[in-house]
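One structure is given here, and the rest of the page talks about it.
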Amino acid sequence: MYQNKSSIFLILILGLIIHKYYCKEQTYVHNQAKPARFHVAEFNFDHVSDVYAITLWILLGSLAKVGFHLSHRLTEKFPESCLLIILGLIVGALLYITHLAEQKAYVLNSDTFFLFLLPPIILEAGYFMPNRPFFDNLGTILLLAIVNTLFNTLCIGLTLWGFSFTPLYGGTVFDMLPCFVFAALISAVDPVAVLATFTEIHVNDMLYIVVFGESLLNDAVSVVLYRMFDSFAKIGQENLIPTDIILGCLSFFVVALGGVLIGIIFGVVACFTTKFTEHTPVLEPLIILVYAYLAYLTSEMVSVSGILAITFCGMVMKQYVSFNISKKSDATTEYVLKMLSSIMETIIFMFMGLSTVSDHHSWNTGFVLMTLLCCLVYRVIGIAIFANLANCWRLLELTRIDMLIMSYGGLRGAIAFALALILDETKIPRKKEFVTATIAVVFFTVFVQGITIGPLVKCLNVRRKQIEEPTMSAKLTNRMMDHVMTCLEEISGSGGSNSLRDKCRNLDRNYFKRWLLRETPQEKMDIKLLQTFKKINMQSAMKVHDTSKGLVPAPSSSAIHTSASGTNLRPESTFANFSQILAANLPEQTVPDLMFFENHHGAEQYRDDAQMHHFLDTNLYRARPRATIHLRSQDESAGTDGVAHNRFEKSYHHRNHIYIPSRLDKEQIHGRKAGKTSGGTGRSTASKAGSSNITHSHTHSHSPKHHTSSVSKQQNEKLRSASPVSDQKQQQQQQQLSKTRSKSPSLSSDQPIRPSSPTTEMYRPSPPISIRIDNDDDNEILDGTTAAERICPWRRSSIPDAARSTSTSPVNDPSNTTQTASNTNDPNLHPGPLTSANYSGTYHKSPEYLGEYATTTKPEEHLSRPNIRDLFNNQSRIPDEKQENDMETNSDESTTQL
Amino acid sequence: MGSNASIMLQQEDLQNICQQTGFTAKQVQRLYSRFKTLDKRDCGFLTREDLLCIPEVNINPLGERLIDVIMDDYGENNKINFKQFIFLLAKFRRGRVKSSTTEFNTRDSKLRFLFDMYDRNHDMKIDREELLQVLKMMVGGNIHDDQIATIADHTIGELDSDGDKSITFEEFCKTLERIDADDKMSMKFLS
């Protein structure tokens, strides 16, 4: 921590020294007036000075933030904003001492603040605005933002002006209009300060949104009031006519509604633009940012509320853009926004500290104290009045404690300060006093209130925000509550917020989504629910990926190889492919599916999704307890088999079911193996050849598959445009197709079997695979069966499981019997890649993907088959090594799952 | 439960209702007039069709299910009279203070109502089939059955703590502790 701080200073001082040195150097060179000669190296600071200063600022800000967070004790006690202000003060003092403050490049001014520093913060706030609570509390927020701010301004202005007739200010005279200008800028709650403070104390959503929403929306009021009084002061008190005042009031609506309108227009245009960025996804984040910034600049240009504009622009964009842009762009946008706003916030607080150190101060104790007192008192009074007023129509009433936190959270910040700095000293002679008072109020609120609000919240036991992972059940129930309450409100005839929201949602779905989204969502489809499900899956995927040390297949198949080799996998070559990696992680009988994956190596994104999805579904969601039971029974059965099993083989039991389907096959394979092991060197070369074969097959299969899938995608698109009836027909056809195909190869295994009995070991094997192993030289004959295998390879594995499970529920769908049966009985087991394929990417494309798997039989695919044998060889070759590995991963798995 | 709601509400009836449900007299009067509006045939009870006539209910994905619950659990013979109607709505009255909560609008009873939305065979368990049905209604669109099944399995997996592949009321409540079901399942009755 201290090291960091000192390093910051070091950099700063270095910068200063360099600059000083430079200035001298330059003057020196000029004085000498040497004959012009060519210089080997040139030093030209002026050329870069402005940008250099900005970059240094950013660097300093980031380093400061990094430094502060190295020490937990410091950040626990003090909010970041305080620390940054202190740092700013120190830097400001340094600059002041070195007289560099006079050089404009180092000191940020109000223009910089409003044009560069503020917009990213507000955009981020708007983009990540929790829509639901915001609109639920919109009435309260508006009341507080408009009426309360107005009330505060008038009261503070009047009080301050009134006290100028008393000797409190020590004889300094404050006119009425300057007092009102000051009141206008000081009475507005600052969004930056509120954000900085409230994100650290984690109060509940409602409280947060009420305070934060107020601070955002009161910008319109404070801008109007500030400008109105400012221009009044310029016009002069005696020249004012009533028309001015009326126009001033009118301008409020223009400023507020104009800002909102500009924001919404730019947001909509941005969404509309992203409709067509399919081929240039790289630009998507930029488009979003640029439109938002443009909204801000435009509204500043026509002097309406820029803050409102950019807030609403962000809110509108967030609603639709994320459906249009790619996942990467979405993540990038969010991250860039967070990054920008974080650094800007840092700089703003530093800038406040820095600008404090200057000559433009005039301390007037009476005035400062009076201002402070007014701000606090009127804040409390205003909140008490208007919160109680709001309670008249609020469903969820604001309690006393809520009100206390609301009034205590009324922090003033950099906006007030920047506004005070740009006051015109010729028109408002007491500018220095105002600036000083503003700084005093800002420092008081940020330091005293900012530091104490955390303990206060704890002390008063304010309902905290619950941070938890989204769960499907919660989402579902929330949705259900919404629907139920909407209906009930309609039935009872008391149209409340729920039915209003429902109407908005319908409007949104019927019109806006249709215009602004690339793909119109289906009629009556609840995308949010599906999105939640997807998100949960993603998170689980990440978790599995993290906990299993990257052994799990990465989202893209090309990444699998890199991740496998990149991570701590010792024998990379042994984990040459997917199923090996997975098999090492999975104690359960998922290998058939993995075989399936193998075949589809290097396929398109949705397939990878499918892989991931299926992998998760088989591996997550409490699969663990069952898995262990299953493991034991398998082991027992294996033990009775009479075949010598060591631990290695036990842990790989699920492979045995595939590669050693029956005793006969086992013997055959053992024979093969024995034959291979007889020649030590020959074996290894063979395996090497095999592995090279794999890679070959991969490369071979890459491009054609892409081709076919893209073709089928086009087909899909065509189909999607077709009528839903034909869709369903096709779906049914495909189901039946897949069913018949899947049934043909594995007839014996389709019967429910108890796996624990040793006899079933004979049945369990799937003939097709064993055949394949024997005849992998002429696979083309068996292409039909292999294709079927590819369609529903999970069936074999799922059915014994289904039989084992005790509870059997009725099966509705006669056309889909086997599949639903396996579903009903085993939630741990996902129905298979078939469905997971449907999940991928967009949900509504679903049925067509079935066709893809069913119809495309690729001749190259069988090339990848030999790797089974190769795999087996590898296994037998280095069992000890792999066993270790396996044990590692297994234990890892169990700890994370249990 | 007399179905003589067609005549004006009696004074003692009114008081009785107010006392039991915690509604104010004005609210009851208002609900009564709403009831009369819905009851187009003027026969003193509402039928399924009466409720389905409300367009918002009609298009709501869970509208029919809700009416099922209302009719089966709160009314009788596919009818619901005013008293039953008002006792139903009393569940969702927002208690201003702690003291004004009646036996109807406790958090538990609200959760129970939600639970009943799933549990249509009243075995105090949400099993897979029931969840599937509700999911199908809510997700909508032509999504493949398997996908919905996956979601259902996942949801059950989340809630099911004893591993019986169904959700009991206790399990249901426990996972919903974090949601302010009490707040969300309340509405403001105009007075």
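Chain naming here is simple, since letters A, B, ... match the order of the sequence lines and numbering starts at 1 in each.
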[atom1] of [X] to [atom2] of [Y]: how many Å apart, nearest 0.5 Å?
| X | Y | atom1 | atom2 | answer |
| --- | --- | --- | --- | --- |
| B:Ile54 | A:Glu489 | CD1 | CD | 12.0 Å |
| A:Met485 | B:Asn60 | CE | CG | 12.0 Å |
| B:Leu135 | A:Arg479 | CG | CZ | 12.5 Å |
| A:His483 | B:Met137 | NE2 | CE | 11.0 Å |
| B:Leu62 | A:Thr486 | CG | OG1 | 9.5 Å |
| A:Ile536 | B:Thr155 | CD1 | OG1 | 8.0 Å |

Where does [X] contact chain A at under 4.5 Å (heavy atoms): side chain, backbone, both or neither?
| X | answer |
| --- | --- |
| B:Ile70 | side chain |
| B:Leu31 | side chain |
| B:Val134 | side chain |

Seminar exercise, completed: Closest non-hydrogen atoms of A:Cys487 and B:Val57, given as atom of the first, atom of the second and distance, are O-CG2, 4.0 Å
Exercise. Would you find more than 12 non-hydrogen atoms of other residues, nucleotides or ligands less than 6.0 Å from A:Arg132 atom CZ?
Worked result: yes
For this session: Can you tell which part of A:Thr477 gets under 4.5 Å to a heavy atom of chain B, answering side chain, backbone, both or neither?
Result: both
For this session: Could you walk me through whether B:Leu131 and A:Leu476 pass the side-chain contact (heavy atoms from CB on, under 4.5 Å) test, one step at a time?
Result: CA-CA 10 Å; B:Leu131 189 65; A:Leu476 193 65; 3.9 Å; yes
